Amino acid sequence: MTRESFSAGDDQTLRLEIGPDRVGHVVFDRPDSPVNLLSAAVLHRIDAMIAELESRIANGQLVAIILESAKPGSFIAGADVGEIGEVRTAEQARAASTEGQRVFRRLERLRVPTISCIDGTCLGGGTEISLHCDYRVASDSNSTRIGLPEVRLGIIPGFGGCVKLPKIVGVQRALDIILSGKPVPAARAGRIGLVDRVIPHHAWERGIGDFVADVLADRVPKAEPRLSFQGKLLERNPVGRKVLFSLARKRVLSETKGRYPAPLAAIDVLEQTYGLPPDEAYPIEADALGELLIGDVSRALVRVFGLSQDAKRALPDSVMAAAHDIRRVAVIGAGVMGGAIAELVAANDIDTVLKDIDQGALDAGMRHAADLLRKATRARVFTEEEAGLKLARIDGRLDYDGFEEVDLAIEAVVERMVVKQQVLRDLEDVLDPEAVLATNTSSLSVTTMASGLERPERVVGLHFFNPVHKMPLVEVIRGELTGDAALATAFRFALGLGKTPIVVADQPGFLVNRLLGPYLNEAGYLLDEGVPVELIDGALLEFGMPMGPCRLLDEIGFEVALHAGRGMAAAFGDRMSPPDVLDRMIEDGRLGRKNGRGFYLYENGKSTGVDPTLGSLFPSATGDASGDEIRSRCLWLMVNEAAWALEEDVVDTAGQVDLAMIMGTGFPPFRGGLLRWADSEGLRQILDGLERYEGTLGTRFAPAPMLRGLAEQDGTFTHPS
Ligand SMILES: NC(=O)c1ccc[n+]([C@@H]2O[C@H](COP(=O)([O-])OP(=O)(O)OC[C@H]3O[C@@H](n4cnc5c(N)ncnc54)[C@H](O)[C@@H]3O)[C@@H](O)[C@H]2O)c1
């Protein structure tokens with residue numbers, strides 16, 4: 001089709017192509033980028049484009065407008081988050097929101113039908129511009145996901161999303177979409193009326209043509225929210241709506257303990273704007289956005305988002321160029337980690353061999369993988385058919401047959417150096433010389449493991465966290481002998497699995513476990529002083545940790561924790577000495593959650609509460625440290641250890657520490673990460689506190705030189721934003 005073309009602006013970011021059928025195609029095509037983003041500059045161009053459309057419509061040159069993207073697998077990926085971080089005042093934020101609303105409402109008023117054609121990721125402002133079109137169609141491709149993830153950045157949709165979405169899908173579903181921030185796949189978008197038609201990806205262009213023809217022939221009814229009988233009952237009367245909003249508030253408060261203001265603000269905005277004329281509704285949305293955007297929580301979350309974007313680009317192009325393609329993976333050791341890693345790899349449609357030396361262990365590993373896939377099916381991540389195909393990709397074996405085809409082998413056998421070295425030697429015999437050898441060790445030296453091999457440069461650490469399918473962090477460990485190809489391959493592989501990789505130096509505990517060490521130890525020392533489990537865990541839950549340190553020790557298991565603790569003490573000396581609580585627990589036949597007896601008791605894997613008989617194990621359960629003291633002791637030690645780790649170049653930046661602790665331990669994101677939190681507390685105060693405790697409790701509190709240096713110069717770990 002020959003198309004007449006017009007470009008809004010001096011490049012191809014936004015262009016109009018008009019075919020002989022007088023259908024105008026507004027094409028988003030951000031230069032030099034795999035995705036389209038909505039920046040202030042793009043918004044300005046959309047405005048100019050609408051002016052052009054208005055005049056062409058007035059001249060009879062256009063009968064319909066289509067919005068589309070020239071990027072494969074992506075429609076519009078949302079706002080330019082960098083710009084959000086630059087806003088300084090609520091007034092600026094409100095003005096930006098009002099401008100976006102004005103432009104989208106101008107689009108809404110065009111006098112010919114407008115159709116947003118969504119093939120791929122459609123998020124934030126991309127969804128909001130689509131909501132202001134008369135119709136939306138989506139391709140059934142797996143990459144098509146439509147969402148409003150703003151709450152994850154501590155804000156709410158501010159370009160009319162809060163006002164428009166309830167009108168299109170109803171209040172309840174609008175709340176679900178906005179409060180969860182989770183994007184909706186195409187099929188569901190079709191079912192709930194978020195899109196008017198789902199078109200098979202293979203017939204995308206033709207399907208759009210048919211849809212336009214149907215619209216022009218008046219064959220597409222104007223969609224009403226598709227509500228169930230009960231949904232209608234609730235949404236169509238004020239009392240029912242009040243119930244919906246109040247239930248949503250309760251749910252948010254129980255999930256977030258009120259620490260995240262955005263979801264509550266979103267509920268308020270939806271409630272206040274319901275049924276209001278647009279001229280009154282839109283300003284309410286803009287006001288709420290303005291307040292949220294300059295708040296501490298949004299600042300923290302926007303920074304964490306930026307850090308996770310930076311993490312993807314952490315290795316220079318020259319190193320990344322050495323990465324190998326991975327078509328086939330082997331996982332050696334089908335235990336807790338091996339089974340889960342095999343599942344993750346297969347879930348990403350990569351053929352996987354899962355090998356063990358024991359048939360029973362192999363069967364258990366295969367069952368574990370199958371269970372995880374079943375859970376994903378129940379959570380509607382995959383259909384049953386897809387899960388079946390993914391499971392079929394895992395080939396469970398006891399021998400090395402077919403290993404010559406493997407591009408990456410990940411060993412996850414028992415945590416013993418001699419066993420791991422033997423496994424790597426065996427692998428060297430059977431693998432292609434170019435294949436990469438990764439180890440999932442959580443505490444052993446990658447360098448020692450590799451030395452003695454013929455090609456030690458292909459050994460790299462790939463440290464997944466438990467549970468593998470949930471924890472977003474992967475530490476990629478660069479041993480002293482690790483070559484660029486192995487490093488880049490492991491890094492890109494982790495990214496491809498949807499994880500956040502962070503390159504760390506080969507030092508005991510790497511980064512996350514090293515920082516957890518003194519934190520968990522301190523919980524043990526507090527127990528030894530007779531401070532009850534409930535007080536310790538309660539204090540850190542109150543801070544926002546996903547679980548308290550005693551509960552975390554139960555999860556890790558006391559034997560593993562003690563082994564790791566001793567290793568760390570051997571490497572770092574007294575400041576990491578484990579308390580003898582763990583010994584005592586093990587002597588008492590307690591291993592943690594895995595045998596149902598830890599600080600807590602467990603039945604069928606679920607905690608039934610703190611063990612009431614624990615008191616007999618501790619000198620006196622009468623300690624009464626305050627929540628503040630518990631938090632200070634545990635968290636300041638973690639901050640201090642981070643300073644040591646930064647000084648020793650375990651990672652390069654404070655931002656990497658913050659991201660790793662959020663992604664690897666669930667450190668509360670609303671606090672912006674460990675070191676951002678430390679900065680906000682004041683390093684001077686932390687230094688004084690450490691010195692005080694050093695005097696009363698011992699040398700484990702001795703401040704790290706970097707922390708002392710920063711505090712004495714009124715410096716900070718992170719750059720204020
Ligand atoms: N469990 C965790 O939370 C966790 C977290 C991160 C990393 N890790 C690390 O992952 C690795 C595995 O840990 P896990 O908890 O899954 O252990 P596990 O004991 O559950 O599983 C180890 C498996 O390795 C098998 N195995 C032993 N020798 C073997 C050999 N020569 N060849 C093939 N298989 C062999 C065993 O039969 C067993 O099935 C360890 O290095 C551990 O430090 C564990």
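All ligand and atom numbering here is 1-based and tracks the order in the structure. Below, all heavy atoms of this structure are taken into account, side chains as well, without hydrogens, waters or symmetry copies. Note that the structure is a prediction, hence the values are computed from the model and not measured.
Around CD of E480, the count of heavy atoms belonging to other residues, nucleotides or ligands within 6.0 Å does not exceed 12.
Using a 4.5 Å heavy-atom cutoff, the side chains of V423 and L427 are in contact. Taking 4.5 Å as the limit, every side-chain heavy atom of L637 sits out of range of all side-chain heavy atoms of Y519.
The closest side-chain donor-acceptor pair between T447 and D506 falls under 3.5 angstrom.
Within 4.0 Å of ligand 1, protein heavy atoms belong to I332, G333, A334, G335, V336, M337, D356, I357, A361, A412, V413, V414, E415, V419, K420, V423, N440, T441, S442, H463, F464, N466, listed by chain and number.
At a threshold of 4.0 Å, the pair E405-R327 does not count as salt-bridged, since none of the basic side-chain nitrogens sits closer than that to a carboxylate oxygen.
Using cut-offs of 30° and 60° on the angle between ring planes, the pair Y600 and Y602 is tilted.
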